[in-house]
Amino acid sequence: MYRLSELNIQQQQAVTAGLGPVLVMAGPGSGKTRVLTQRIAHLIDTLAVSPYNILAVTFTNKAAREMETRVVNMLGDQARGLSLGTFHATCARILRREAEHLPLNANFVIFDADDQVCLVKRVLADLDLDEKKFRAPGILGSISRAKNELLVPEDYPLQTYRDEVVKRVYMRYQEMLTANNAVDFDDLLLWVAWLLEGKAAVRDKYARRFEHVLVDEFQDTNMAQYVLLKHLASFHGNIFVVGDTDQSIYRWRGADYRNVLRFEKDFPATQLILLEQNYRSTQAILDAAMAVIDQNPQRTRKELVTERGAGAKVIYYEAYDERVEASFIIEEIAKRVRQKVAKPGDFAIMYRTNAQSRVLEEAFLQAGLPYKLVGAQRFYGRREIKDVVAYLRLVHNPQDEISLARVINVPPRKIGDKTWQSLLTHAHQSGISPADVLLHLGNDGADHRQAFSGRAARTLAGFGRLLSEWRGLASGMPPLKLLDRILEDVDYSSYINDGTDEGQERWENVLELRRLATEFSEQPLESFLERVALVSDQDTIEATASVPTLLTLHAAKGLEFPVVFIAGLDEGTLPHSRSFEEPEEMMEECRLLYVGMTRAKDLLYLVYPLHRNTFGYSEPTIPSRFLEEIPPDILEDRTVGRAGYSSGRSRGSLPAPDRWPNRAAAHARILEQRYPPGSRVVHPVWGEGLVLNSKIEDDDEVVDIFFEDIGLKRVAASLAKLELKA
DNA sequence: GCATCGGATTTTTTT
DNA sequence: AATCCGATGC
């Protein structure tokens with residue numbers, strides 16, 4: 001059951017706001033998820049709106065799941081029928097239902113970033129364009145931007161020769177998607193916006209159904225999303241959006257925080273509600289965050305207040321380089337865990353670019369401390385996962401040439417490039433898809449056989465037979481069973497698990513995908529594929545982490561942690577060098593830091609490395625401009641060899657080298673061998689192992705240990721908590 | 001058809 | 001430094 005009395009006045013106002021458009025400006029930690037979920041409960045329970053007539057959209061599955069859980073906790077079965085999901089998943093559902101109005105059938109697959117690049121490369125080759133001159137990711141960026149602005153190829157504006165090229169590629173790319181019975185991420189939104197705009201009957205159907213439309217993170221919507229929301233809410237006009245322009249960090253994805261201003265203009269009777277009370281952070285953290293965001297011009301100043309008290313000062317630390325930065329962070333975590341003032345799961349380490357995680361990971365590994373890295377890409381981008389998913393996609397939608405190309409010779413079955421090319425040529429000449437040719441050959445159809453050499457025809461027919469069998473099984477089978485059948489038929493395990501450590505790891509990833517498939521035993525293959533295509537990085541975060549979390553600042557949005565480290569606060573990293581040209585982009589970098597800082601509940605660390613390794617060379621850095629605006633008296637400078645906060649953060653000048661501890665001096669010096677070869681040791685994470693080798697290096701003992709299950713590992717004795725076994 | 005080598009290229013952020 | 005790509009050789 002839900003209780004209004006637990007909300008503050010503004011939150012209550014938002015939850016119980018009357019009909020019509022409502023805009024809730026919600027600062028960080030102001031309880032916006034709470035407002036959204038209570039609003040839904042209020043609509044259903046108090047106003048007796050049927051859940052069937054309510055649509056709530058978020059940006060990540062995690063946010064959607066969290067809202068769903070909370071609503072179900074309040075209402076139980078009463079909430080059944082509610083439409084709650086991400087923009088992309090919601091659109092996918094609508095498109096499958098309305099496929100008859102589209103040049104697609106309901107089995108369409110969703111192409112991910114890699115597939116898109118593959119497809120564009122093919123288009124470039126088709127059009128005889130130089131792939132070096134016109135890079136696929138760059139072209140895709142332009143296409144994506146156009147799609148987010150609802151620009152179809154025909155309307156692509158031409159100002160330069162490059163535009164001309166992009167337009168031609170865009171056109172052909174779109175044709176190829178259709179031929180593959182596929183859509184990309186942007187299409188999910190674009191097609192729905194197109195349907196709602198162009199097909200009055202479809203628009204009416206949904207606009208009448210959704211009496212109430214609720215939107216989370218509204219500042220991150222792009223034009224396509226804005227337009228489709230407008231259409232969805234066009235009949236009843238009850239649109240309730242929650243957002244914070246200060247947390248707009250997806251400009252590069254087409255998001256436009258000015259949609260918030262547009263909203264007020266398009267819906268003149270909008271009720272505006274401000275949530276400024278912060279329930280998350282200490283005042284010290286909020287003051288520092290406000291100092292950062294306030295330097296953003298053209299913005300209505302907002303006061304963030306908390307009742308949590310002043311709290312500890314924000315800690316500032318200058319590290320010699322990224323490695324010292326990492327060991328400082330780990331030492332701090334270890335210290336606080338030892339002191340029992342925090343649990344490992346309380347910590348998050350945030351950074352601007354994924355590449356920065358590497359040094360941090362290495363430091364964790366060396367210290368023998370477990371951690372969790374956020375990033376769906378890390379898992380779903382893996383070769384073995386893409387292979388297996390491609391098989392499933394192909395079975396579901398044989399027109400998917402990208403998946404076919406991926407698996408036709410994986411594991412190797414003697415179908416090389418030559419055979420593949422002649423398959424493609426023959427298919428196009430016959431006006432059918434390559435997979436159809438395969439299926440024909442597999443079913444002993446004679447009509448296509450003469451197009452290939454005897455050997456090629458036999459191998460192709462063999463694969464066609466397999467594909468045809470799988471297709472026959474697919475409809476009546478849970479995704480897991482089909483997956484197992486494919487793995488067995490192609491003997492994928494012996495292909496990927498080749499006896500090396502890497503092979504072992506790859507096979508374990510496949511098993512992890514298998515585990516995920518078990519959750520879809522009651523659902524069709526389509527649902528499983530959609531889930532795999534639309535996972536977000538955030539979705540990989542466990543609700544209750546028991547170890548420190550490493551994540552990008554972007555992935556951190558919407559989350560909170562007791563202790564937050566923000567690493568790499570140097571010019572070029574944060575703000576990122578790619579943002580120097582555009583003032584708008586520089587402002588977004590500023591907001592990005594603000595988002596990160598406001599994730600912290602109790603303690604915030606800002607870390608600046610004086611040197612950074614780029615392309616193998618260590619170079620001196622300049623401290624982030626955003627640090628300058630934080631008043632020194634609200635920071636605690638923990639830089640070694642410096643008392644208190646010094647304003648002399650020398651821009652560009654090199655520090656005296658002897659003032660900075662090197663790695664070896666940062667921890668206790670070890671001068672004597674303690675783990676001789678042959679001794680058995682216990683490692684906190686990897687368990688028991690045998691010491692193979694050990695040497696003293698840089699006042700530390702470097703130990704090579706063989707672990708039964710893990711293999712050979714090299715650790716630093718000063719960091720890894722090794723225990724000698726008698 | 002596959003492995004190996006050398007050279008270019010790399011760093012935003014992600015549904 | 002590490003990875004990816006293409007060309008070359010087997």
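Letters A, B, ... mirror the listed sequences (proteins, then strands); counts begin at 1. Computation of the quantities below employed the complete heavy-atom set of this structure, encompassing side-chain atoms and omitting hydrogens, waters and symmetry-equivalent molecules.
An aromatic stacking contact between A/F59 and the base of B/dT15 is absent, as defined here by ring centres under 5.5 Å apart and ring planes under 30° from parallel.
Two residues, A/R135 and A/A555, neighbour DNA chain B, and the one matched to the more 5' nucleotide by heavy-atom proximity is A/R135.
Taken to the nearest 0.5 Å, the SG atom of A/C91 stands 5.0 Å off from the CG atom of A/L189.
For A/E582, the salt bridge (charged side-chain N to carboxylate O under 4.0 Å, His left out) criterion is met by no residue, not counting sequence neighbours. A/W420 is linked by a ring pair (Phe, Tyr, Trp, His ring centres under 6.0 Å) to nothing, counting only residues two or more places apart in sequence or in another chain.
If you check every strand for non-hydrogen atoms under 4.0 Å, A/F185 touches a base. Across all strands shown, A/R358 has heavy atoms under 4.0 Å from sugar-phosphate atoms exclusively, and none from any base. Across all strands, A/N409 comes closer than 4.0 Å only to sugar-phosphate atoms, never to a base (heavy-atom distances).
A tilted orientation is assigned to the rings of A/F87 and A/F59, their planes being inclined by 30° to 60°.
With A/F528 as the aromatic partner, A/R531 does not meet the cation-pi criteria of under 6.0 angstrom to the ring centre and within 45 degrees of the ring axis.
In summary, the side chains of A/E401 and A/N180 do not present any donor paired with an acceptor at a separation below 3.5 Å, with no hydrogens or angles considered.
Annotation: proximity of residues 187-197 of chain A to DNA chain B (heavy atom, distance under 4.0 Å) is found for no residue.
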